[in-house]
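Below, chains carry the letters A, B, ... as their sequence lines are ordered, and counting in each starts from 1.
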2 protein chains.
Amino acid sequence: MGHNKPSTAGEVPADLARLWRLSASARRGRPAELDVDRVVGAAVDLADREGLDGVTLQKVAQALGFTKMSLYRHVGSKEELVELMADHATGSAPGLDADSWRDGVHWWAAAIRARYAEHPWLVEVPVVGPPRGPNAIGWMDAFLRVLCDTGLDPGTKAGVLVVVSGYVRNAIQQGRQMAEGRRGTGLSQADNEQNYGRALAALVHPERFPEAALLFKAGAFETEPGENPEDQDFVFGLDLILDGVEAAIARINR
Amino acid sequence: MGHNKPSTAGEVPADLARLWRLSASARRGRPAELDVDRVVGAAVDLADREGLDGVTLQKVAQALGFTKMSLYRHVGSKEELVELMADHATGSAPGLDADSWRDGVHWWAAAIRARYAEHPWLVEVPVVGPPRGPNAIGWMDAFLRVLCDTGLDPGTKAGVLVVVSGYVRNAIQQGRQMAEGRRGTGLSQADNEQNYGRALAALVHPERFPEAALLFKAGAFETEPGENPEDQDFVFGLDLILDGVEAAIARINR
DNA sequence: CGCAGTTAGTGTACCGGAGATACTATCCAT
DNA sequence: ATGGATAGTATCTCCGGTACACTAACTGCG
């Protein structure tokens, strides 16, 4: 599936070539009005407005004033489009300088978190493999650079990256969902009232799920309006992990 | 979307009622030949064989010898079916007893990991909200019970749960993908040969991505046949996090 | 200058999936 | 037995992704 477009680097598969923008910009034939970036840009705009499900080849093409099929000349498949969108929306990693690796990681995490906030649909993009896009690699590299002077060996650094980035993604996802749950759009408010928090509180019987019941009874999954504990929660979890990293570093440099 | 089926507990929405099997098993009218469990069972079988994408109402119905539409009487929507499948495949949490909370968490993690191994498609199920099914809640409860005597407050325990379960899911996903990458099915072997690891090694230039390039050059993303570092990697990351938890506990009980 | 070859965008048609609706079949309680 | 409730079916619509064959636009060569 997906056609093969010639690329400068002979060995790179077509989809990777597009992801890294290696196209040799054909000098013969009809010049292209469209290009990968315009397609991806339109798709990202759409996703920002309507979410990932709202992105359809039809609508993307419509937004650009072209036919659905013309997109296939530039992206190969819907799946690939999503990957391109994700890498584009992730953006290039900011250069960072921090005094300690710990500050650096905090900064890194906050930075991606901000990107996710700009493009909430990013968390819906299924993770289908290790990072492949230039931007994703850039973030990865930025993270690894933060850990440069820790004395950790490469494998360990990679492990830390996996853990931290997984945590960030997860935390954002979780946060987004809760926010969604308490969105009071007029009519659905009554629905939300009895919504999952409460419904589950009724289902989770203390004798069967003692510990979980405590959490639900305490309303740990309902956020009171006014306070915004999300940031603190985020930082808490991150610091938890970083304490672990610190222990690892201490162990190595002992 | 989704119809409302009456349930014993008046206040519980229909989908939750089905998830918790609260149906009042109608006493009038034609008796059902089908039920939620048969539908879910067939769907899970299908997913085990063909992956989550292979699950289609059509095929599930076919496997059961019914029409597609009959399923809607029992599951409300495809999305709900997937949720039901996930909770079913996750299975009930095993009772566990360990000497230390640390052993307990290891055990817990290994146990879910095993479940994921039985139903690899579980990682493809999009996480659309906090745990809602009885089995998911059961696992949650089991985890919290492990942390019972640590002195951590409920919020912190929940935070730890989020971090750990996120890690496990992530690690499994990652592992699965790498395994997929190196699946040599005859013809695609040549494809795989130059596949992503190598292609990326060519794209990730040391001057632009110094740290990442090191990783790719070192072949950190290619697994040699023979050794199986997956387990060690998994445990490594878990212990990293648990070191952090340990620090938190120490801090509290100080 | 104009034609050959190349590349971009279009039209159309297909496959397959989700789901709405209206139907028929079946069975219980009265 | 029969009427009301429930289970399963037959069809139909909508829509998304994609293959394929076409037309349109342009370039460089002869």
**Study point:** Residue-level proximity of residues 28-35 of chain A to DNA chain C when a heavy atom falls under 4.0 Å
**Key:** A/R28, A/G29, A/R30, A/P31, A/A32, A/E33, A/L34

Review point. When you look at A/M140 and A/F143, which way does the side chain to side chain contact (heavy atoms under 4.5 Å, CB included) test go after all the steps?
Key: CA-CA 5 Å; A/M140 178 177 154; A/F143 187 94; 5.8 Å; no

Review point. A/L203 and B/L22: side chain to side chain contact (heavy atoms under 4.5 Å, CB included), yes or no, with the steps?
Key: CA-CA 10 Å; A/L203 288 170; B/L22 301 177; 3.7 Å; yes

Check your understanding: Salt bridge check: are B/R176 and B/E124 linked by an N-O gap of less than 4.0 Å?
Key -> yes

Practice item. Under the side chain to side chain donor-acceptor pair (under 3.5 Å) rule, collect the residues that match up with A/W108, sequence neighbours excluded. Key: none

Cut-off 3.5 Å, no hydrogens considered: what does the side-chain donor-acceptor table look like for residues 30-46 of chain A, sequence neighbours left out?
residue, atom, partner, partner atom, Å
A/D35, OD1, A/D37, N, 3.3
A/D35, OD1, A/R38, N, 2.8
A/D37, OD1, A/R21, NH1, 2.4
A/R38, NH1, A/E33, O, 2.8

Return a table of donor-acceptor pairs under 3.5 angstrom between the side chains of residues 53-64 of chain A and protein atoms on other chains or two or more places apart.
residue, atom, partner, partner atom, Å
A/K59, NZ, A/E50, OE1, 2.9
A/K59, NZ, A/G54, O, 3.1

Point to revise | d(OH, A/Y72; P, D/dG17) in whole Å | key: 6 Å

Review point. Tell me: NZ of B/K78 to P of C/dG16, nearest whole Å?
Key: 15 Å

Point to revise | Phosphate OP1/OP2 of D/dC15: any A/T56 side-chain N/O under 4.0 Å | key: no

Practice item. Please report, rounded to the nearest Å, how far the P atom of C/dA18 is from the CG atom of B/D53. Key: 11 Å

Check your understanding: Which residues pass the side chain to side chain contact (heavy atoms under 4.5 Å, CB included) test with B/V162, sequence neighbours left out?
Key -> A/N170, A/Q174

Check your understanding: Can you tell me if B/W20 uses its side chain to pair, donor with acceptor, with the backbone of B/R132 under 3.5 Å?
Key -> yes

Point to revise | Atom-to-atom span, CD of A/Q58 to P of D/dC14 - whole angstrom | key: 14 Å

Revision key, fill the gap. By nearest-nucleotide position on DNA chain D, the 5'-leaning member of A/K59 and B/L71 is B/L71

Review point. For A/R18 and A/V75, what are the C-alpha separation, side-chain angles and deciding distance, and is it a side chain to side chain contact (heavy atoms under 4.5 Å, CB included)?
Key: CA-CA 8 Å; A/R18 275 182 293 255; A/V75 294; 5.5 Å; no

Review point. Under 4.0 Å: is that the gap between some side-chain N or O of B/H74 and OP1 or OP2 of D/dA7?
Key: no

Check your understanding: Looking at residues 61-70 of chain A, who's got a heavy atom less than 4.0 Å off DNA chain C?
Key -> A/F66, A/T67, A/M69, A/S70

Revision key, fill the gap. Taken to the nearest whole Å, CZ/B/R73 to P/C/dC23 is 15 Å

